[in-house]
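Note sheet for the following structure.
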Amino acid sequence: MPRILLIFLTGMAILHAQPAPDPMIEDLIRSMTIEEKAGQLNLMTGSMDVTGTRASEGMEQKILSGQCGGVFNVYTPAATRQLQEIAMRSRLKIPLLFGYDVIHGHRTIFPIPLGLSCSWNPDLIRRTARVAATEAAADGLNWTFSPMVDISHDARWGRVAEGSGEDPWLGSEISRAMVQGYQAGDLTAPDSVAACVKHLALYGAVTAGRDYNTVDMSRRLMEETYFPPYRAAVAAGVRTAMTSFNDIDGIPATGNRWLLHDILRQRWGFDGLVVTDYSAIEEMIQHSTTENGEQAARQALQAGVDMDMVSELYLKKLPDLVKSGAVSEEQLDEAVRRVLTLKRDLGLFKDPFARCDEARAKSVLLNESHRDLARQAARESIVLLKNQDAALPLKKSPATIALIGPLAANRRDMLGCWAAAGNDNLAASPLDGVRKTLGTTATVLHARGSDVDDSEHVRLGGSFFPEIDPRGSEEMLAEAEKIAAKADTIILVLGESWEMNGEAASRADIRLPECQRTLASRMLATGKPCILIVMSGRPLDLSWESSRFPAIVQAWALGTEGGNALADVLFGDFAPVGKLTMSFPRAVGQLPMTYRAKNTGRPANDKIRYTSKYIDIPNDPLYPFGHGLTYGTFKYGPVKVSSPEMPPGGSIQVSAEITNTSNLLATETLQLYLRDIVSFVTRPLKELRGYQRVTLQPGETKTVTFEITDAHLSFPGPDFKPFVEPGEFDAMVGPDSARLQSVRFKRLEK
Ligand code: BGC
């Protein structure tokens with residue numbers, strides 16, 4: 001038994017003091033009827049994007065009669081002004097909130113969040129969030145439903161595209177950075193919006209990766225892996241939080257008082273506004289934990305939900321519930337107070353039209369500096385998975401290049417899922433980018449080659465309707481072969497179209513669709529040099545491709561400037577720096593998977609049958625978490641520790657030498673992982689605890705040092721409070737989670 005030492009780290013689990021009551025808000029609440037109070041809790045959707053099974057009706061009338069507190073899916077200064085003017089004609093003239101899913105940019109679209117996370121550059125991500133907020137606010141909005149910080153280990157779940165991958169440490173840094181970007185400085189400033197951390201909670205662990213499915217999880221896993229990024233957003237001051245669709249321990253998140261009150265408010269100290277996800281209050285009836293709308297509304301309010309997105313059960317049921325005494329008016333007031341406080345803090349009572357400024361919209365939206373940042377963000381999101389014999393970068397020489405594949409010329413797919421107000425006509429496809437980069441230097445040819453997916457399930461028409469080319473597959477393949485025959489190099493752009501990931505886009509087979517695999521083999525059969533670009537919103541199973549293509553570039557959906565950034569990387573104007581934030585599996589059967597695996601009592605051993613492994617494939621991923629190549633190459637020296645012993649409350653330094661062994665300027669992100677050798681509970685074999693990016697001249701050597709303190713060793717203790725054990729630890733440094741060198745040190749007890 002290890003001896004256990006309890007150390008409480010400061011800054012966690014604080015109870016925020018309730019802010020002093022604001023006389024303006026208290027007067028307003030006193031003057032409201034119960035119906036008007038329920039109205040403030042009603043969040044309605046405009047007709048632009050309906051992402052649920054129902055839409056809102058009678059919006060203008062409801063705003064006028066005080067039955068609506070906020071609207072989402074409506075933007076532009078003119079459209080929001082028009083609705084705000086109606087609110088100003090209502091009896092109490094309470095301004096509206098205007099929300100929208102500004103997930104990875106508003107008009108200027110940045111890479112999908114999973115892609116952005118591969119930059120391992122929280123400061124860059126913060127800047128993208130700042131630009132997104134500036135554009136959203138210039139377009140009439142004051143609230144974004146972002147950051148989405150759900151950890152996920154399951155690439156079947158389409159919504160991994162919206163998050164930052166599998167790791168809670170990196171996920172927490174990105175969560176903080178996004179909140180800071182959106183809510184920078186003064187929230188009343190007309191270029192600020194309130195952020196919304198979502199989805200509380202554990203949504204990324206839906207069973208079998210099927211969207212909206214049940215979640216069943218131990219408290220330990222929640223605390224160690226899934227909670228940290230939500231908690232990081234709260235610690236960064238996020239103003240709102242959204243509940244998730246799933247249940248937790250048998251209770252839907254939207255009616256889960258333990259989650260929303262005991263954990264979110266009491267333990268994490270959140271004092272902002274809680275909104276449901278789309279019609280989630282009503283969905284508690286389908287979940288079968290409530291019988292009818294009255295019960296659902298009551299359960300949600302009593303659990304701690306302030307605003308009801310779309311279901312209108314608060315609007316319809318709360319007045320009677322209060323009148324009958326089933327719900328207290330104080331409880332209703334508490335929710336109303338949170339809505340009004342947010343409106344006050346956004347400056348809406350002072351000037352409800354501050355964000356409805358046409359002139360500002362013109363100068364801000366999609367301006368050049370935003371596009372520059374989008375290009376940089378896209379470059380840094382690209383991950384070079386494989387580059388045999390330096391197949392990349394390609395030379396800008398007078399050659400013929402064939403860009404082939406269903407995603408090669410498509411601009412919409414470059415924007416990805418949740419593309420907010422992005423305009424695909426203004427986006428650069430891979431073909432646009434390559435043509436622009438090569439100009440007249442080379443001849444660039446194009447053929448579609450195949451549909452994105454023409455499988456029977458798709459043809460029969462489910463809820464996913466990719467474009468099916470009327471020419472049929474053989475004709476497209478023949479055209480691609482003809483074009484390929486003229487080319488010196490083939491660049492094949494395959495993957496997922498924008499609607500194949502994101503919400504309601506779970507996939508049971510995460511390989512490239514069959515028609516694309518056929519195209520890939522026909523292109524390989526030409527014998528020409530062939531580079532594979534994969535655009536996707538999730539890790540795909542690339543086992544087949546990985547053993548055949550000399551070079552593979554993971555290009556996600558890179559946003560407005562995606563095609564240009566991709567060309568920058570392909571032709572060496574920018575050497576890739578991206579590192580995976582989700583493991584790429586060898587087969588869908590490995591899912592869910594994470595590099596933070598535990599040892600088990602029977603660690604895998606190829607020679608011993610009765611150990612924890614598959615008999616048909618290795619346990620390890622095809623491409624591990626943290627993996628990503630660049631055009632240079634490196635040699636790592638041994639990992640050293642400044643002292644073999646670390647005193648309590650003290651620190652030690654772990655350092656590694658790295659040499660650029662190539663003749664190119666090269667950038668690498670070194671990663672630090674820790675392992676607690678003996679603990680009172682089973683612990684992961686390695687956990688990310690730091691990373692540093694360094695750029696080295698050809699031949700240059702640098703020593704990179706990481707400082708380790710108790711904060712790095714801490715994990716949830718027996719009572720789930722932060723806790724550090726004395727004893728031995730391994731510190732490991734390397735270029736990814738699989739290629740590590742380690743050194744042991746001891747955390748002393750006294
Ligand atoms: C999604 C949320 C989103 C909401 C509003 C829901 O379907 O789950 O992430 O914020 O719609 O569009």
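Remember, it's 1-based here, ligands and their atoms both numbered in the order they're listed.
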request  = Look only at the side chain of Trp556 and the backbone of Ser381, and say whether a donor-acceptor pair between them is shorter than 3.5 Å.
outcome  = yes
ask   = Quick one: does Arg159 get an N or O within less than 3.5 Å of an N or O on ligand 1?
value = yes
request  = Consider only side-chain N and O atoms of Thr207 and Asn213, and report whether a donor and an acceptor are under 3.5 Å apart.
outcome  = no
inquiry  = I want to know if ligand 1 touches Asp277 in the polar sense, i.e. an N/O pair below 3.5 angstrom.
reply    = yes
ask   = Is there a heavy atom in Tyr100 that sits closer than 4.0 Å to ligand 1?
value = no
request  = For Phe145, take its heavy atoms, then give the atoms of ligand 1 lying under 4.0 Å from any of them.
outcome  = 10 (O)
request  = Would you mind listing every ring pair (Phe, Tyr, Trp, His ring centres under 6.0 Å) that reaches into residues 107-139, with sequence neighbours excluded?
outcome  = Trp120-Phe625, Trp120-Tyr691
message = If you count heavy atoms of other groups shown closer than 6.0 angstrom to CZ of Arg210, is the number above 12?
response = no
Criterion ring pair (Phe, Tyr, Trp, His ring centres under 6.0 Å) on Phe72 and Trp143, from CA distance to verdict = CA-CA 9 Å; Phe72 68 109; Trp143 188 15; 8.4 Å; no
ask   = Looking at ligand 1, does any of its N/O atoms fall within less than 3.5 Å of an N/O of His199?
value = yes
Numbered atoms and elements of ligand 1 in range of Phe72, under 4.0 angstrom, heavy atoms = 5 (C), 12 (O)
key: Inter-residue atom distance Thr108.OG1 - Leu373.CG, 0.5 Å rounding   = 9.0 Å
task = Keeping to residues at least two apart or across chains, list the salt bridge (Lys or Arg N to Asp or Glu O under 4.0 Å) pairs with something in residues 147-156.
result = Asp154-Arg156
inquiry  = What I want to know is whether Lys198 and ligand 1 share at least one N or O pair that is separated by under 3.5 angstrom.
reply    = yes
query = Closer than 4.0 angstrom: is that true for some heavy atom of Met242 and an atom of ligand 1?
reply = yes
remark   = Looking only at non-hydrogen atoms, the one of Asn73, Thr144, Asp101 nearest atom 5 (C) of ligand 1 is Asp101
